[in-house]
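The structure under discussion appears below in the form of structure tokens.
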Amino acid sequence: MVQLSDRIQELLSHLPTNPGVYLMQDAAGAILYVGKAVNLRSRVRSYFREDKGHSPKVRALVRVIDRFETISTTTEVEALVLENTLIKRHQPYFNILLKDDKTYPWLKLTLNEPYPRLVVTRKRLNDGARYFGPYPDAGAMYATLRLIKQLFPLRQRPTPQFRDRPCLNYAIGRCLGPCQGMVSVDAYRAMVDKVLFFLEGRHKELLRDLRAQMSEASEALDFERAAKARDAIAAITSLLEEQKVEASRETDQDVVAIACDEISASIQLFEVREGKVIGRRAFILERADSEPAEVLGAFLGQYYDASALARVPKEVVLPEAVPEQEVLAAFLAERRGSKVALLVPQRGDKLKLMELVAYNAQQALEQERLRRWAALEKGPHKALRELADALGLAEVPHRIEGYDIAHVQGSDTVASMVVFEGGVPAKAAYRRFKIKTVEGIDDFASMHEVVKRRFRHVSEGADPEGRWSMPDLVLIDGGKGQLGAAVAALDRLGVEVPIFGLAKQFEEIYLPGRKDPIRLGENSAALHLIQRVRDEAHRFANTFHGKLRAKRMTRSVLDEVPGIGEKRKVHLLKAIGSVDAMRALSVDELASRGALPHRVAETLYSRLHSPAGNS
């Protein structure tokens, strides 16, 4: 355990084991983070263990936790609902939060009035009206509003213009004149039902009613009413034909995709109703250090918890599985009142539509990145100047390289090199290394090896294509020990480059030959920049290590089963997805889905469930 205060130790000793929600607080009592757990004792204690391999975000959170409280629930679904409610109420700094949603316009159908109107609003109230949106694309919303007003003569004024006669809207056929008693409540409500069909994407029902109305009017020789129904059918049909993207079958589904960079996540959600794409919603989230699947899961929980959502669809199509997917599915089923399928398409029309949505998410992320860097154009330069002053550099550094080591109990040790140019990540210049000469756990020797290998290209002139540009500054993730190992490697090669170490515990800067560390203020732009370089090096190293470890585990399990060669291994991974997914299958399921002889499936099942196969 890390060094804990008496208060934290006391709280940890009385944690329940049931599902629930926990709230992390700082010394002032402000809520920093809200999370849910299947087992509160296990989940909360995990934050305070040194050997947990926490992400930078969690490490930063733990440093400022002064106390916490828990709220128990009877089920995981109840915990999910409560978590979403508390996040929206408290807006904790360390949670993944939607941005700017309150600025998007909504269409409000005032069902709380005898003769409902359709109006635009930017505030959603619990007033009995129906709200549709929010609409990130205001132009598309106003186009929808114009078409509805053209097709359905809803009341437009909040109060009558005249006491004794209808206004001009009635004269030109844009209102039925309810203010003067020109239409009954029942007849008006029948028209409102058609507006609801339109806004909910239930176009088949609307077209069926309009065709019946046109036929009935024609038989009654009411050609004016028949012509209005005909024009409405033509307008709706034309609108549907403009939609280039169609689902593989007539179903209700939301197709969701995500694109991430180091800071933000862009999420696009396409609403498909009756096989047609009727709307698109775009969101930008604060990603922090979370993985895309975690960000997506947090988004889905918050989005579908919003009471503004008219209908939860039958299917939610995702780019990948999200954490606690079964809990989310149960939560959505509760909201909908029937089963909701969470699908990850592998082929066919759903995959094509997912690719389109993913492309939109990536485009939106690019726009967000441009906006972010335009807004912060002067920020990186200020941070770089401040960093040069703090380190005593003669010039402001342009290219900064950051190095980190990753391993689990000494296995698959790897190193990362990330590059920032002008304060911005230059991902094309990132490099990763497998440590070759070090046995067991030795971060100092591993750092010595990677620095030696990287700068050997410079000292020996072994870089004819110029792929290894000299940095202006080198950041080592660690304190005096790691810094000393890196400096020794540079000295051995005869390479001179400004270098420093950033120790995690107190965010102290160590310089070669200087006894005391440098401490920058918490609000220092230079500190924020080098923290970002350090965290990016840590993320890149851990990602590479995770891939190597997963590859080794896959090889060690499948390659040791008699009867499974390279072709069968490829087929198994393609058909089932992962070793963990195989472990969840029965022998018969392994045989059928993996196209294996029953004897080979039995051997594989036995190997997967042996102690070695689970290691």
Considering all heavy atoms, the nearest [X]-[Y] contact:
X      : Y      : result
Val316 : Val340 : CG2-CG1, 4.2 Å
Arg43  : Lys36  : CG-O, 4.4 Å
Ala526 : Ala383 : CB-O, 3.7 Å
Val344 : Ala321 : CG2-N, 3.7 Å
Ala361 : Ser266 : O-OG, 2.9 Å
Pro345 : Leu318 : CD-O, 3.3 Å

Interatomic distance, [X] atom [atom1] to [Y] atom [atom2] [nearest 0.5 angstrom]:
X      : Y      : atom1 : atom2 : value
Leu520 : Ile530 : CG    : CD1   : 5.5 Å
Thr17  : Asn39  : OG1   : CG    : 5.5 Å
Leu590 : Leu585 : CG    : CG    : 5.0 Å
Arg534 : Leu475 : CZ    : CG    : 8.0 Å
Asp127 : Thr110 : CG    : OG1   : 9.0 Å
Phe270 : Asn360 : CZ    : CG    : 4.0 Å

Going by heavy atoms in the side chains, are [X] and [Y] under 4.5 Å from each other?
X      : Y      : value
Asp254 : Tyr304 : yes
Val317 : Met354 : yes
Arg583 : His609 : yes
Gln346 : Leu351 : no
Leu145 : Val120 : yes
Phe68  : Ile8   : yes
Val272 : Leu353 : yes

Phe540-Tyr430 aromatic ring centre distance below 6.0 Å: yes
Identified side-chain contact (heavy atoms from CB on, under 4.5 Å) partner of Ile267 from the options Val256, Leu300, Val357: Val256
Test log, rule side-chain hydrogen bond (donor to acceptor under 3.5 Å, both in side chains), inputs Ser46 and Arg49: CA-CA 6 Å; Ser46 71; Arg49 296 194 188 109; 5.1 Å; no
Val533 backbone acceptor or donor facing Glu536 side chain under 3.5 Å: no
Side-chain (Arg281) to main-chain (Leu269) donor-acceptor, under 3.5 angstrom: no
Results of side-chain hydrogen bond (donor to acceptor under 3.5 Å, both in side chains) for Arg336 - residues two or more places apart only: Ser338
For Asp193, all residues meeting side-chain hydrogen bond (donor to acceptor under 3.5 Å, both in side chains), sequence neighbours excluded: none
Got a list of side-chain donor-acceptor pairs under 3.5 Å for residues 20-27, not counting sequence neighbours?
from, atom 1, to, atom 2, distance (Å)
Tyr22, OH, Tyr47, OH, 2.6
Gln25, NE2, Glu69, OE1, 3.0
Asp26, OD1, Ala28, N, 3.0
Asp26, OD1, Gly29, N, 3.0
Asp26, OD1, Ala30, N, 2.8

Salt-bridge present (Glu355, Lys352; N to O < 4.0 Å): no
